[in-house]
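Sequence positions, counted from 1, serve as the residue numbers for this chain.
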Amino acid sequence: MSGYYEEISDDDKIRISSNFLLHSPPGEFNEVFNDVRILLSNDELLKGKASAACAKYNKDQYTPCKLEGVDHLVLVTEYGDQGNGRYLDPRSGQTFHYDHLRKEASDPQPAEVANPDTEPTRLAVDTELAEYLKDHYKYGVSAVYGKADANQLIVCVESHQFQPKNYWNGRWRSLGGGYWR
């Protein structure tokens, strides 16, 4: 069967490409994306179908990004996902649109407080956590989300340092939270 190969479907190409993207090592997503782009040789297919994998990767990795008008980095997480490509920054009280392919935040808009009863506690935890990270994690970024329907907080922390020229990259993520009465 020398020289025989079977063409794989576009769905299989996207499934395989998405798996490559989702398993990108810390700090190497752009390199993997560019390699997948070359392998697929179909930008429309990649941007149209694999964009869901980019979004999942960014949310799973608690991707930090710069939001215009705020003095801190914000996290892109599943807990801040507001739908339609918008994410919540609870510290600034804004939502923003996030482009998962360009890794850019834009269009900040005021957000409603999820649960006014839990906001003082959320704010206190957020303030203390930000101070702790500043003292102990040089590159640490956090977000503390309040749930609208419960006395619950969700705490996300991310810290990374990428040094590919020194042949190492590292990322640390943590998820915590709890209920109270």
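Of all heavy-atom pairs spanning Ala105 and Lys66, the tightest one is CB-O, 3.6 Å. Pairing each heavy atom of Ala150 with each of Asn115, the nearest pair is O-ND2, 3.3 Å. Residues Gly170 and Pro26 approach most closely at C-CB, 4.4 Å, considering heavy atoms. Contact between Ser92 and Leu67 at its shortest, heavy atoms only, is OG-CD2, 4.3 Å. In terms of heavy atoms, Ser159 sits closest to Gly140 at OG-N, 3.6 Å. A pairwise comparison of heavy atoms in Cys54 and Leu101 identifies SG-CD2, 3.4 Å as the closest pair.
The shortest distance between side-chain heavy atoms of Ser106 and Asp99 does not fall below 4.5 Å. Residues Arg171 and Phe162 meet the side-chain proximity criterion, which asks for heavy atoms closer than 4.5 Å. Taking 4.5 Å as the limit, every side-chain heavy atom of Val155 sits out of range of all side-chain heavy atoms of Ser174. Between Ile8 and Ile16 the shortest side-chain heavy-atom distance falls below 4.5 Å. In this structure, Leu22 and Tyr57 have side chains that are in contact, with non-hydrogen atoms separated by less than 4.5 Å. The closest side-chain heavy-atom distance from Ser142 to Tyr132 is not below 4.5 Å.
Crowding of Gln163 atom CD: a count of heavy atoms from other residues, nucleotides or ligands under 6.0 Å exceeding 12. Heavy-atom neighbours of His23 NE2 from other residues, nucleotides or ligands within 6.0 Å: at or below the threshold of 12. Atom CD of Glu119 has more than 12 neighbouring heavy atoms from other residues, nucleotides or ligands inside a 6.0 Å radius. Atom CD of Glu44 has 12 or fewer heavy atoms from other residues, nucleotides or ligands within 6.0 Å. Other residues, nucleotides and ligands place more than 12 heavy atoms under 6.0 Å from the NZ atom of Lys103.
Residues Phe96 and Leu88 do not share a hydrophobic cluster, defined by chaining ILVMFWY side chains whose heavy atoms lie under 4.5 Å apart. Criterion: ILVMFWY side-chain heavy atoms under 4.5 Å apart, direct or through other members. Under it, Leu129 and Leu153 are part of a common hydrophobic cluster. Note on Val157: it clusters hydrophobically with Tyr137, by side-chain heavy-atom contacts below 4.5 Å among ILVMFWY residues.
Residue pairs meeting the salt bridge (charged side-chain N to carboxylate O under 4.0 Å, His left out) criterion with at least one member in residues 128-141, sequence neighbours excluded, are Glu131-Lys134.
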- Task: Could you give me the CA-CA distance, side-chain angles and deciding distance for Tyr87 and His100, then say whether ring-ring contact (aromatic ring centres under 6.0 Å, His included) is met?
- Result: CA-CA 12 Å; Tyr87 294 85; His100 291 281; 5.6 Å; yes
- Message: If you apply the rule side-chain contact (heavy atoms from CB on, under 4.5 Å), what do you find for Cys65 with Val76, and how did you get there?
- Response: CA-CA 7 Å; Cys65 67; Val76 174; 4.1 Å; yes
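Note: Phe29 CZ to Asn34 CG = 9.5 Å, rounded to the nearest 0.5 Å. Taking CG from Leu175 and CD1 from Ile154, the interatomic distance works out to 7.0 Å, rounded to the nearest 0.5 Å. Atoms NZ and CG, from Lys47 and Leu40 in turn, are 12.5 Å apart once rounded to the nearest 0.5 Å. Separating the NZ atom in Lys49 from the CG atom in Leu46 is a distance of 12.5 Å, to the nearest 0.5 Å. Between atom CG of residue Asp10 and atom CZ of residue Arg15 there is a gap of 13.0 Å, rounded to the nearest 0.5 Å.
Here Pro64 pairs with Leu73, Leu75, Val141, Glu158, His160 under the side-chain contact (heavy atoms from CB on, under 4.5 Å) rule; sequence neighbours left out. Remark: Glu7 engages Lys13 in a salt bridge (Lys or Arg N to Asp or Glu O under 4.0 Å) (not counting sequence neighbours).
Of the charged side-chain nitrogens involved, at least one lies within less than 4.0 Å of a carboxylate oxygen, so that Asp107 and Arg86 count as a salt-bridged pair.
In this structure, Tyr62 and Tyr79 have perpendicular ring planes: the angle between them is above 60°, well past the 30° mark.
Judged by distance alone, with hydrogens and angles left aside, the side-chain atoms of Arg91 form no donor-acceptor pair with the main-chain N or O of Ala130 at under 3.5 Å. For Ser24 (side chain) and Leu21 (main-chain N/O), a donor-acceptor pair under 3.5 Å exists by modelled atom type. Panel note: side chain Arg37, backbone Asp43; no donor-acceptor pair is recorded below 3.5 Å.
None of Asp126, Thr118, Thr77 except one satisfies the side-chain hydrogen bond (donor to acceptor under 3.5 Å, both in side chains) rule with Tyr145; the exception is Thr77.
When only modelled atom types and interatomic distance are considered, Tyr98 and Thr63 share no side-chain donor-acceptor pair under 3.5 Å.
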